[in-house]
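When a ligand or atom number is given, it counts from 1 through the structure's own listing order. The first residue of the sequence shown is numbered 1, and numbering continues consecutively from there.
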Amino acid sequence: MSRLVYVLNGPNLNLLGKRQPEIYGRETLADVERDCRAIAAELKLDIRFHQSNREYEIIDWIHEARETAGGIVINPGAFTHTSIAILDALNAFDGPIIECHISNVHKRESFRHHSYVSQVASGVIAGFGTQGYQLSLRRLARLLDDAAAQ
Ligand code: CA2
């Protein structure tokens with residue numbers, strides 16, 4: 001199985017570290033990408049790291065991942081709670097998917113408590129801050145290792 005992993009980020013995550021630090025922390029998305037690349041090197045994963053405010057772009061990256069990648073880490077942002085289209089795209093992906101949220105969505109407004117993505121995710125992480133991305137990559141590496149050993 002491919003050790004290429006897509007790390008996908010949804011709307012407004014480009015603002016990370018620039019607003020609402022009490023919820024999302026002070027790290028920017030560039031910091032998150034740097035940390036992901038460092039841990040990916042340790043785990044011998046290759047990563048493609050993307051962010052978009054456009055639903056179709058995220059869907060296109062998921063379709064691309066179908067052809068090339070072994071796994072996906074996705075923080076769909078607010079699309080988590082609204083997008084059947086992203087769910088459908090993820091349903092067509094064969095490898096493990098980790099859903100990652102910076103904040104603890106369950107401690108927040110009730111509209112953040114439901115995720116369309118969770119039903120296709122191997123695992124969900126929320127409330128670990130931006131460290132959640134590193135933990136997601138660790139889990140994905142383990143799942144890819146286990147699948148390779150089967
Ligand atoms: O906790 C998360 O990671 C979320 O996916 C973030 C989304 C939110 O809609 C989800 O319910 C939970 C929002 C991302 C917005 O990111 C910002 C970062 C800094 C300033 C403003 C927005």
>> Are E64 and Y6 packed together at the side-chain level, in the sense that at least one heavy-atom pair is separated by less than 4.5 angstrom?
In response: yes
>> Below 30° counts as parallel, above 60° as perpendicular, anything between as tilted: where do the rings of H101 and H81 land?
In response: parallel
>> For a quick check: using heavy atoms under 4.0 Å, what are the residues in contact with ligand 1, sorted by chain and number?
In response: P11, N12, L13, L15, L16, R19, Q20, Y24, N75, G77, A78, H81, H101, I102, S103, V105, R112
>> Under a 3.5 Å cutoff, is there a donor and acceptor pairing between the side chains of Y133 and N9?
In response: yes
> If you measure only the distance, is there a donor-acceptor pair under 3.5 Å linking the side chains of T80 and E99?
Replying inline: no
> What's the verdict on side chain to side chain contact (heavy atoms under 4.5 Å, CB included) for F128 and L135, showing C-alpha distance, side-chain angles and the deciding distance?
Replying inline: CA-CA 9 Å; F128 286 75; L135 299 171; 3.7 Å; yes
> How many angstroms lie between CD1 in I98 and OG in S122, if you round to the nearest 0.5 Å?
Replying inline: 5.0 Å
